[in-house]
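Step one of this worksheet: look at the structure below.
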Amino acid sequence: MALIVQKYGGTSVGTIERIKAVADRVVDTAKNGDQVVVVVSAMSGETDKLIGLAQKISASPNEREMDMLLSSGERVTSALTAMAVEALGYRARSMTGRQAGIITDTVHTKARIERISGERIRKALHEGYVVVIAGFQGVTEGETDVTTLGRGGSDLSAVAVAAAINADICEIYTDVDGVYTTDPNIVPEARKLRKISYEEMLELASLGAKVLQTRSVEFAMKYNVPVVVRSSFNNNPGTLVVQEEKDMENVVVSGVAYDKNQAKITIVDVPDKPGIAAKLFDVIASSNIVVDMIVQNVSSDGKSADISFTVPKTDSKRAVEVTGKIAAELGAKRVDLREDISKVSIVGVGMRTHSGVASKMFQTLASHGINIVMISTSEIKVSCVIDLKFTELAVRVLHAAFGLAEAAGV
Ligand code: ADP
Ligand code: ASP
Ligand code: MG
């Protein structure tokens, strides 16, 4: 008998018919004699709809109240899914994040999970229930306030629950049948990967491939949770996310990712002296804004510098506010914001052992007239910030240039 966590995303529970189909799959698993914990997202579009409602009241709504509001979407699907399982003659029990014992820090709208007391889940399983947990949410220590885990956070709920109860596998059911060499909705030639390493998946996710939420991959890697990404619409074998294997380095580039949720902030003419960057990024970090790329250009007389950095577009207004204040204190001329950008990236563990990858990327973009605004690299990725309007073109030409449609699967 296996212990299986199954997570179903928004499209997979988008209608009552879809919820019934989920219940069928859950019951099929239970029939096998396996114990099943289900984690569900809100019905597709629901979270965006709730955000829209809040924004009709305020441009920057109170974040505690946002969490109360947004967590309701997942609560609805958890109860409906439990009902659908019961309608098939199996016992099921829905749980909110609080009831499932998911304790987080107090950073509303992007809380981190601190611990999960798996007790209540285990007890319900032991009593023969299918447990259906509302994803994307937790509660602060002392069960004071409801929190949410950031967009796409139900993936994290699933992986964290799987780790807490020591599940045999965490199955992520979505609207594509695995992790592809790039977003199959943009490049139809994209190829499904049979396996991908945690490390590559982490890079792809953090660079925008939303098929898995970044923190869920981090968590899976840290606690060695076996994850498989599959479709809830068919029975195709999915993609296994696993520890790196020897042969994986033979493939130089394994995927292309893009992220349109990017904005570039430039602080113009900051005095060039020690401590400036430290002060600036300290203030931004204390506002819980994650900075990605940073570039500093010193003027030819060496007296002042322009500091540019990227943040998620969803945080850009707040970042400009915070930066504006500190820039004035530091004696900078002004702060500019650019939102018509995106980031395209190539990822592959094989980059560690192969050279010329970055230059091939730059040449490919150049030969299609795509200007590069910023560049950053790590051991296993190269990212370029480009004009937003060239995103899809860049993804397609990079996918072709690195032969991803044809490469042998690992
Ligand atoms: P869910 O609602 O099930 O959580 P998401 O919309 O968050 O689903 O994630 C699935 C989507 O991720 C796919 O529909 C696809 O457009 C996108 N995606 C981006 N990059 C990739 C990739 N490399 N492989 C598969 N899907 C990808
Ligand atoms: N419903 C949340 C979102 O849309 C969480 C999730 O689907 O994973 O971001
Ligand atoms: Mg998702």
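On a predicted model such as this, the values are computed, not experimentally measured, just so you know. Indexing begins at 1, ligand by ligand and atom by atom, following the structure's order.
- Scanning all protein heavy atoms for the shortest distance to atom 27 (C) of ligand 1 gives Val211 CB, 3.7 Å.
- Contact analysis leaves Gly73 out of contact with ligand 2, as no non-hydrogen atom separation drops below 4.0 angstrom.
- Atom 14 (O) of ligand 1 has Asp175 OD1, 2.9 Å as its closest protein atom, hydrogens excluded (heavy atom only).
- Salt bridge annotation for Asp336-Lys264: absent, with no cationic side-chain nitrogen under 4.0 angstrom from a carboxylate oxygen.
- Only side-chain heavy atoms of Pro184 come within less than 4.0 Å of ligand 1; its backbone N, CA, C and O stay farther off.
- At a heavy-atom cutoff of 4.0 Å, ligand 1 is contacted by no atom of Lys192, backbone or side chain.
- Taking 4.0 Å as the cut-off, Thr182 counts as a neighbour of ligand 1 on heavy-atom distance.
- Heavy-atom separations between Ala257 and ligand 1 are all 4.0 Å or longer.
- Atom 20 (N) of ligand 1 has its nearest heavy-atom neighbour, among Gly208, Ser44, Ala209, in Ala209.
- Of the candidates Thr182, Val256, Thr181, Leu404, Val187 forms a side chain to side chain contact (heavy atoms under 4.5 Å, CB included) with just one, namely Thr182.
- In this structure, Phe281 has its ring center under 6.0 Å from that of Phe309.
- Every N/O-N/O distance between Lys7 and ligand 2 stays at or above 3.5 Å.
- Heavy-atom separations between Gly152 and ligand 2 include at least one value shorter than 4.0 Å.
- Contact between Glu74 and ligand 2 is present, with at least one heavy atom of the residue lying under 4.0 Å from the ligand.
- With respect to atom 25 (C) of ligand 1, the closest heavy atom belonging to the protein is Gly178 O, 3.4 Å.
- Taking 4.0 Å as the cut-off between side-chain N and carboxylate O, Arg91 and Glu86 do not count as a salt-bridged pair.
- Distance from atom 15 (C) of ligand 1 to its nearest protein heavy atom, with residue and atom name: Asp183 OD1, 3.3 Å.
- Considering backbone and side-chain atoms alike, Phe136 places every N or O at 3.5 Å or more from each N or O of ligand 2.
- Heavy atoms of Val176 found under 4.0 angstrom from ligand 1 belong exclusively to the side chain.
- Nearest protein heavy-atom neighbour of atom 4 (O) of ligand 1: Lys7 NZ, 3.1 Å.
- At a threshold of 4.0 Å, the pair Arg338-Asp387 counts as salt-bridged, since one of the basic side-chain nitrogens sits closer than that to a carboxylate oxygen.
- A search for ring-ring contact (aromatic ring centres under 6.0 Å, His included) contacts involving Phe390 returns nothing, not counting sequence neighbours.
- For a threshold of 3.5 Å applied to N or O pairs, the pair formed by Ser12 and ligand 1 contains no separation below that value.
- Two residues are said to be in side-chain contact when any heavy atoms from C-beta on lie closer than 4.5 Å; Arg215 and Arg112 meet this criterion.
- In terms of polar-atom proximity, Asp155 is not counted as a contact of ligand 2, lacking any N or O under 3.5 Å from an N or O of the ligand.
- Counting heavy atoms from C-beta outward, His108 and Asp145 have side chains that approach closer than 4.5 Å.
- The pair Arg115-Glu141 meets the salt-bridge criterion, since a charged nitrogen lies less than 4.0 angstrom from a carboxylate oxygen.
- Neither the backbone nor the side chain of Thr181 comes within 4.0 Å of ligand 1, counting heavy atoms alone.
- In Thr174, the parts holding a heavy atom less than 4.0 Å from any atom of ligand 1 are both the side chain and the backbone.
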Only pairs under 3.5 Å count here: list side-chain donor-acceptor contacts from residues 147-165, not counting sequence neighbours, and write none if there are none.
residue	atom	partner	partner atom	Å
Thr147	OG1	Thr104	OG1	2.7
Thr147	OG1	Gly138	O	3.4
Thr148	OG1	Asp67	OD1	2.6
Arg151	NH1	Asp48	OD1	3.0
Arg151	NH2	Asp48	OD1	3.2
Ser154	OG	Ser41	OG	3.3
Asp155	OD1	Lys7	NZ	2.8
Asp155	OD2	Gln213	N	2.9
Ser157	OG	Phe136	N	2.7
Ser157	OG	Gly153	O	3.3

